[in-house]
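Indexing begins at 1, ligand by ligand and atom by atom, following the structure's order. The basis for the numbers below is simple: all heavy atoms, side chains too, and nothing from hydrogens, waters or symmetry mates. Remember, predicted model here, so these are calculated numbers, not experimental data. Along the sequence shown, residues carry numbers from 1.
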Amino acid sequence: MSTASLPTPTPTRAGALEIDELTVGYGGAPVLHGVSFTLEPGEVVALLGANGAGKTTLLRALAGLVPAASGTIALDGDDLAPLRTEDRARRGVALVPDGQSVVAELTVDENLRLGALWRHRGAARERAVSGIYELFEPLARRRGSAGHQLSGGERQMLALGRALIAEPTLLALDEPSLGLAPLVVAHLMGTLRDAAASRGLTVLLAEQNVTSALSIADRGVVLDLGRVVADAPAAALAADDTLRHAYLGF
Ligand SMILES: Nc1ncnc2c1ncn2[C@@H]1O[C@H](COP(=O)(O)OP(=O)(O)OP(=O)(O)O)[C@@H](O)[C@H]1O
Ligand SMILES: [Mg+2]
């Protein structure tokens, strides 16, 4: 038997992310200046920094919503540059943007099914939807409510559920705690941590809510004016008073 007739091995979709010397700007003015850091498969990494540090820009570059001026972003060794946003999603990159990403006119159930559309069909889709309702019980109770009828916390759960149902390998979230009450944030972060662990997800969590983010993260990367100023285990970052005062505001 010739090697040409051997079946192509299924690639392992482990979710290792490597960002190397990434420079991104708007209209020629750089906002990220040669940013480099990596995420190991299954790792939860908090992306921290003050307003305007470049967190959203980095997540947008990851999702292919803004092009890199130079440098690379690789998922499991594959450069993402040639892939459009939708192809990155199929490759396993899910971005939960800040603000309202649920469809206001559709019900909770319809929003979830929309997220599952190209990943699951038939019975598998039903199982995937049930899995999200098990994860977020408040959503199960509101499955017939329209997106615009949900509370901020419920909307954020739905946005997260809609991303998870597509079974990403890499989940990037932009400030999921924004505008939520502390108890709701704690619940959301706990669910995120559990979902990441049970599904083997790699998570990049951009947050202004440093304490919450570091409470569930393995590691933190701190950006300041588009440059990485710290990359360390979460506990070390939380304990570093100088760094906290200088870049994290607490
Ligand atoms: N569409 C855009 N056009 C031009 N400049 C932009 C655009 N979006 C962001 N910027 C600029 O890029 C810089 C980084 O913004 P970015 O939104 O990435 O920061 P951030 O860390 O997410 O901040 P925040 O914590 O406030 O969300 C800021 O100076 C911002 O003004
Ligand atoms: Mg932002």
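- Contacts with ligand 1 closer than 4.0 Å are made by no heavy atom of R60, backbone or side chain.
- Listed for the R162 side chain is no donor-acceptor partner under 3.5 Å among the backbone atoms of V102.
- Taking 2.8 Å as the criterion, T56 counts as a coordinating residue of the Mg ion (ligand 2), since one of its N, O or S atoms falls below it.
- Comment: D174 does not engage K55 in a salt bridge, judged by the lack of any side-chain N to carboxylate O separation of less than 4.0 angstrom.
- Tracing side-chain contacts under 4.5 Å through hydrophobic residues (I, L, V, M, F, W, Y), one reaches L22 starting from L204; they form part of the same cluster.
- Contacts with ligand 1 closer than 4.0 Å are made by backbone heavy atoms (N, CA, C, O) of A50 only, the side chain lying farther away.
- Shortest contact from atom 17 (O) of ligand 1 to any protein heavy atom: T56 CB, 3.6 Å.
- Comment: R227 does not engage D224 in a salt bridge, judged by the lack of any side-chain N to carboxylate O separation of less than 4.0 angstrom.
- At a distance under 4.0 Å, a protein heavy atom can be found next to atom 26 (O) of ligand 1.
- With salt bridges taken as basic N to acidic carboxylate O contacts below 4.0 Å, one links R113 and D109.
- Considering only non-hydrogen protein atoms, atom 9 (C) of ligand 1 sits nearest to Y26 CE1, 3.5 Å.
- Remark: ligand 1 and G49 share no N or O pair separated by less than 3.5 Å (distance only, no angle test).
- Under the side-chain contact (heavy atoms from CB on, under 4.5 Å) test applied with L160, the options L188, T191, I165 reduce to a single match, L188.
- Listed by number with element, the atoms of ligand 1 under 4.0 Å from a non-hydrogen atom of T57 are 14 (C), 15 (O), 16 (P), 18 (O).
- Heavy-atom contacts of E175 reach the following atoms of ligand 1: 25 (O), 27 (O) (cutoff under 4.0 Å).
- No hydrogens or angles considered: nothing links the side chains of T72 and D79 as a donor-acceptor pair under 3.5 Å.
- Applying side-chain contact (heavy atoms from CB on, under 4.5 Å) to L17 and the options D76, I73, T38, T169 leaves one that passes, I73.
- For N51, heavy-atom contacts with ligand 1 shorter than 4.0 Å involve the backbone as well as the side chain.
- Looking at G54 next to ligand 1, an N or O pair under 3.5 Å apart turns up.
- Atom 13 (C) of ligand 1 lies below 4.0 Å from at least one non-hydrogen atom of the protein.
- Of the protein's heavy atoms, G52 O, 4.2 Å lies nearest to atom 29 (O) of ligand 1.
- Listed for the N111 side chain is a donor-acceptor partner under 3.5 Å among the backbone atoms of T107.
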